[in-house]
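The shown structure was predicted, so the numbers you read here are calculated from the model rather than taken from an experiment. As a basis for the values below, the full set of heavy atoms in this structure was taken, side chains included, without hydrogen atoms, waters or symmetry mates.
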Amino acid sequence: MRLPTPGTGEETSWVAEHLGDLCRDEPHASGAFRGGQTAADDALGALDISFYARRRNEVLPRSRRGATGLSPWIRHGLLDLPRVWDAVADTPPSDRRKFRDELCWQEYSRHLYARLGTRTRSALRAAPARATDGWDEPWPRDMACVDACVTELHDDGWLVNQTRMWMSSQWTVRAGHDWADGESEFFAHLLDGSRAANRVGWQWTIGAGTGKPYGFSRWQVRKRAPQLCRSCALSDDCPIERWPDIPSSRPAPERDPRLRSDPDPEATGGPSEPVGDDAPDAVWLTAESLGDADPALAAHPGLPAVFVFDEPLLRRLSLSGKRLVFLAETLADLATRREVRVYRRTPGEALAGAAVAVTHAPVPGFGRRRDAVEPAVIHPWPWLHRPHDGPVTSFSAWRKRLARR
């Protein structure tokens, strides 16, 4: 079914009318972020990473946060990593180094996910450090620190990295709940939610990626957001007063050999130059790459852009409406510069018989949808570092292999 293209300022009502039955909640726009290239460019233009190294883990007050908040636009390709990397070339060395480390972490998570795919659903290197006594509720809202994080997650669709660690550790290490359920809860709400970065973050926090879990306790809240402790009704009887009794991590039953080496890094990275000789009549956009600099869009400036809301996938994921509003805002913004066609079907159904150009996406679902669509031209993904065949057992091992190339 072809849908009308969303108009600027009408995105929330558009999602409610055309996609509302696919959302887990009443659609609303994020209180902190707007989708689209215009908003992404404005955010990058205002980027100031002064004091980033010192303040990136600050939580409250928000005015002290050093986190840049670029991740929702990075996740959807509105800002690609090479462009953001270059944008901080003339910034203070210590802040530039730390900020670029975070960009490399994003790239590492994409390499890992592109190589292992759905294998990242289970523990990679060790059994999760999961409390055995457990709590009935993984995120009890009577704790001020948890309530503040859940509120921001639901209202804005975003959290600083520090509070992501608090919440994932609380869910599994302290409350004893299945980490995969918590990861899916994050994924449903985060505007920057990707299985690549989200799963890696959860696995490393709960010890499944390293064997060394992060333990959430009161001193971290006092250090990063002391006003939450002062205002908490449980201040005199804090359930996270002491360091959690972290269970011993054990090696994962079966470690995937692809953690050590990639038998086909070219397949992992996708094409290094455009593939296909047919002339396309449209550009198929995926949720991984929606920016004006998308290689397929840039190579075919006169063609209409096509985006497909994959109905079976969205029904299964049951995302928060704010994630779909962010996508609608992005499409509405793009429609001010070129023709945009929007469908609610599977890509194979919506694009049957069409000759489309598309940019390779480093996610396992892309291959299945690509085969169903049979694009006329496939353009390379804009990697910051093209995937190598070495270890991805850890960020440091991955990065050392980069340095030796």
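The salt bridge (charged side-chain N to carboxylate O under 4.0 Å, His left out) analysis of residues 356-374, with sequence neighbours excluded, yields the pairs D310-R369. Applying the ring pair (Phe, Tyr, Trp, His ring centres under 6.0 Å) definition to pairs two or more places apart or across chains, those involving residues 124-152 are W139-W171, W139-F186. The salt bridge (charged side-chain N to carboxylate O under 4.0 Å, His left out) pairs that include a residue from residues 190-211 are R164-D192, E183-R195, E183-R199, where partners are two or more places apart or lie in different chains. Here salt bridge (charged side-chain N to carboxylate O under 4.0 Å, His left out) pairs that include residues 270-283, with residues two or more places apart or in two chains, number zero. Applying the ring pair (Phe, Tyr, Trp, His ring centres under 6.0 Å) test to residues at least two apart or on different chains, the pairs with a partner in residues 35-69 are Y52-F99.
Annotation: R141, atom CZ; neighbour count of heavy atoms from other residues, nucleotides and ligands within 6.0 Å is above 12. With a 6.0 Å radius and a threshold of 12 heavy atoms from other residues, nucleotides or ligands, D133 has its CG atom above the threshold. Summarising the local packing, CZ of R242 is surrounded by 12 or fewer heavy atoms from other residues, nucleotides or ligands at distances under 6.0 Å.
The pair R100-E107 fails the salt-bridge criterion, with no side-chain N (NZ, NE, NH1 or NH2) lying under 4.0 Å from an Asp/Glu carboxylate O. Between R337 and D333 there is a salt bridge, since a side-chain N of the basic residue sits under 4.0 Å from a carboxylate O of the acidic one. Using a 4.0 Å cut-off between charged side-chain N and carboxylate O, R121 and D256 make no salt bridge.
With contacts defined as side-chain heavy-atom distances shorter than 4.5 Å, the pair T38/T336 does not qualify. For the pair L285 and V306, the minimum side-chain heavy-atom distance is 4.5 Å or more. With a 4.5 Å cut-off on side-chain heavy atoms, F307 and Y343 do not count as touching. For the pair I206 and R130, the minimum side-chain heavy-atom distance is 4.5 Å or more. Counting heavy atoms from C-beta outward, D245 and R174 have side chains that stay 4.5 Å or more apart. Taking the side chain as every heavy atom from C-beta outward, D292 and L78 never approach each other to under 4.5 Å.
The CG atom of L60 sits 5.0 Å away from the CG atom of L228 when rounded to the nearest 0.5 Å. Remark: R34 CZ to L191 CG distance equals 12.5 Å, nearest 0.5 Å. Interatomic distance, CD of E288 versus CZ of F366, reported as 10.0 Å (0.5 Å rounding).
Contacts of T330 classified as side chain to side chain donor-acceptor pair (under 3.5 Å), with partners at least two apart in sequence or in another chain: none. H28 pairs by the ring pair (Phe, Tyr, Trp, His ring centres under 6.0 Å) definition with nothing, not counting sequence neighbours. Under the rule for a side chain to side chain donor-acceptor pair (under 3.5 Å), the partners of E339 that lie at least two apart in sequence or sit in another chain are R341. With sequence neighbours excluded, no residue forms a ring pair (Phe, Tyr, Trp, His ring centres under 6.0 Å) with Y214. Take S94 and apply the side chain to side chain donor-acceptor pair (under 3.5 Å) test, not counting sequence neighbours, and it matches no residue. Remark: R54 engages no residue in a side chain to side chain donor-acceptor pair (under 3.5 Å) (not counting sequence neighbours). Considering only residues two or more places apart in sequence or on other chains, W14 meets the ring pair (Phe, Tyr, Trp, His ring centres under 6.0 Å) condition with H18, F309.
A donor-acceptor contact closer than 3.5 angstrom links the side chains of S71 and W158. In this model, a donor atom of one side chain and an acceptor atom of the other lie less than 3.5 Å apart for D25 and S320. With no hydrogens or angles considered, no side-chain donor-acceptor pair links W166 and Q170 at under 3.5 Å. For the residue pair T359 / D294, a side-chain donor-acceptor distance below 3.5 Å is found, with atom types taken as modelled.
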Intermediate values then yes/no, side-chain hydrogen bond (donor to acceptor under 3.5 Å, both in side chains), S261 and R258: CA-CA 5 Å; S261 63; R258 292 175 296 171; over 6 Å; no
Applying salt bridge (Lys or Arg N to Asp or Glu O under 4.0 Å) to D101 and R56, what does each step give before you reach the verdict? CA-CA 12 Å; D101 280 348; R56 69 188 187 91; over 6 Å; no
Could you walk me through whether E311 and R315 pass the salt bridge (Lys or Arg N to Asp or Glu O under 4.0 Å) check? CA-CA 6 Å; E311 181 175 351; R315 194 172 297 282; 3.2 Å; yes
Give the intermediate values and the outcome of side-chain hydrogen bond (donor to acceptor under 3.5 Å, both in side chains) for residues T268 and R386. CA-CA 9 Å; T268 298; R386 191 165 174 82; over 6 Å; no
Decide salt bridge (Lys or Arg N to Asp or Glu O under 4.0 Å) for E58 and R65; before the verdict, give the C-alpha distance in whole Å, the side-chain angles of both, and the deciding distance to 0.1 Å. CA-CA 5 Å; E58 293 298 322; R65 289 182 178 179; over 6 Å; no
Run E152 and R62 through salt bridge (Lys or Arg N to Asp or Glu O under 4.0 Å) and show every step you take. CA-CA 12 Å; E152 186 170 4; R62 293 194 183 196; 3.7 Å; yes
Please walk me through it: do R110 and H385 pass side-chain contact (heavy atoms from CB on, under 4.5 Å)? CA-CA 10 Å; R110 289 174 175 174; H385 302 287; over 6 Å; no
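Here the two rings, on H379 and H360, have centers that are 6.0 Å apart or farther.
In terms of heavy-atom proximity, P244 sits nearest to G215 at CG-CA, 3.8 Å. Of all heavy-atom pairs between A296 and V358, the closest is CB-C, 3.7 Å. Here the shortest heavy-atom pairing between G35 and W73 reads CA-NE1, 4.3 Å. In plain terms, the two heavy atoms of W179 and A123 that are nearest each other are CZ2-N, 4.4 Å. Across all their heavy atoms, A279 and A355 have their closest contact at O-CB, 3.8 Å. Contact record, W383 with G269: NE1-O, 2.9 Å, taken as the closest heavy-atom pair.
The one candidate from D262, D389, D264 that meets the salt bridge (Lys or Arg N to Asp or Glu O under 4.0 Å) condition with R115 is D262.
A cation-pi arrangement is present between R323 and F187 under the rule of less than 6.0 angstrom and at most 45 degrees off the ring axis.
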